[in-house]
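Take a look at the structure set out below.
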Amino acid sequence: MGVVASAPAKVILFGEHFVVYGEPAIVLAIDKRAYAKAEKRDDKRLYLRSVNLNLAGYFENGTFKVEQDDAKEAKLKFEPVKLAAEKVLEIYGEKVGLNIEINSTVPVAAGLGSSAAVAAAVTAAVGALLNVEMSKEDVFRITYEAEKIVHGTPSGIDPAISTFGGILLFQMDTGFKPLDVRTDIPLVIGDTGVERPTHAQVAKVRGIRERYPRVVEPVMRAAREIVLRAMDALKENDLETLGELMNINHALLYGVGVSDESLEWLVNAARKAGALGAKLTGAGGGGCMIALAENERLEQVLEAIQRAGGRPFIARKTDEGVRIERT
Ligand code: PMV
């Protein structure tokens, strides 16, 4: 019964923050996915349920009626899902009622792109349910629209990686380029559990850059060099170099003020436990860090991050972007 679609979460491997000023960044889709199930209803309601957030309710004539938990929070969380479903209905050309159930394994508000993964999965599920022809570019466009509700003016990294999967090189002026990487990239992701708004972190870097332009300029250039070297290392399956570059990238991010104590504990614990490299990922100031480790060291690194107070899990690259799981 119904159609199930899924889409992956992401981590930024290199280049966060500096990407805002035109430098390149490398983003990786991970094997943690958000799932969306879509079914038709007999009435015209849009009924939404999130299993993991324990929220449910429905939109009817523009208002949101909650059936579970806090109405305001639910409306906020469901707004992008509603937009994604409505955009597909627009293409379909007829208003039909839908049940949409979301089931996500991606930690929320941790910089892993959970909202984009959910929006991409919903878009694909509703499209397949209604037999609407949609290319991946169409899914990307709708997911990007939905993300604008959540993040204002996002770069588009999250919708792109959730839709296309794999590894993408991203730069503001040139957009996305898939990187052909054959190697496995074994990571431990450590969630500090500290929540931070991305815009505050971006503003912090802007402030430092404005106060010390001639100091920060070479930092930006170094970040670009890291990405260029990392592209070679990825091609050559050179995990050791990647690890070292991650350590240098973290130092640059620390330098512009976006690490914090919770991240430092986890990054240091991972390195001590034998990780090839470790860095914060995404906006910083809390959120998540990533550690790269040989397969036989992964458990050790995971345990060290846990002992240091983080919530760790092992993640791997996935080449599968948004996909239909079941029709
Ligand atoms: O933590 P996230 O996934 O929201 O990452 C933000 C990445 C930044 O480079 C800090 C901001 C941006 O828009 O690229």
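Order of appearance sets the numbers: ligands from 1, and atoms from 1 within every ligand. One-based numbering along the sequence shown.
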Quiz item: Which heavy-atom pair separates Ala29 from Pro8 by the least distance, and what is that distance?
Solution: CB-CG, 4.0 Å

Quiz item: Considering all heavy atoms of both residues, which atom of Ala119 and which atom of Thr143 are nearest to each other, and what is their separation?
Solution: CB-CG2, 3.9 Å

Quiz item: Going by the order shown, which atoms of ligand 1 are within less than 4.0 Å of some heavy atom of Glu16?
Solution: 9 (O)

Quiz prompt | Phe59 six-ring face occupied by Lys82 cation (under 6.0 Å, within 45°) | solution = yes

Quiz item: What atoms in ligand 1 come closer than 4.0 Å to a heavy atom of Val19?
Solution: 9 (O), 14 (O)

Quiz prompt | Proximal atoms of ligand 1 relative to Lys10 (non-hydrogen, under 4.0 Å) | solution = 3 (O)

Practice problem: Please confirm whether Gly111 comes within less than 3.5 Å of ligand 1 when only nitrogen or oxygen atoms on both sides are compared. | Solution: yes

Exercise. Using non-hydrogen atoms of the residue, decide whether His17 is closer than 4.0 angstrom to ligand 1.
Key: yes

Quiz item: In terms of the angle between their ring planes, are Phe164 and Phe140 parallel, tilted or perpendicular, with boundaries placed at 30° and 60°?
Solution: tilted

Practice problem: Heavy atoms only: give me the nearest Val194-Gly285 pair and the separation to one decimal. | Solution: CG1-O, 3.8 Å

Quiz item: Are any of the N or O atoms of Asp158 closer than 3.5 Å to those of ligand 1?
Solution: no

Quiz item: Looking at CZ of Phe313 and CG of Leu302, how far apart are the two atoms once the value is rounded to the nearest 0.5 Å?
Solution: 10.0 Å

Exercise. Go through ligand 1 atom by atom and flag the ones less than 4.0 Å from a non-hydrogen atom of Gly282.
Key: 1 (O), 5 (O)

Practice problem: Output yes when the distance from some N or O of ligand 1 to some N or O of Ile157 is under 3.5 Å, and no in every other case. | Solution: no

Exercise. Examine ligand 1 and decide if any of its atoms is less than 4.0 Å from a heavy atom belonging to Arg196.
Key: yes

Quiz item: Closest heavy-atom contact between Leu292 and Gly243?
Solution: CD2-N, 3.7 Å

Practice problem: Please state which part of Gln201 comes within less than 4.0 Å of ligand 1, counting heavy atoms only: side chain, backbone, both or neither. | Solution: neither

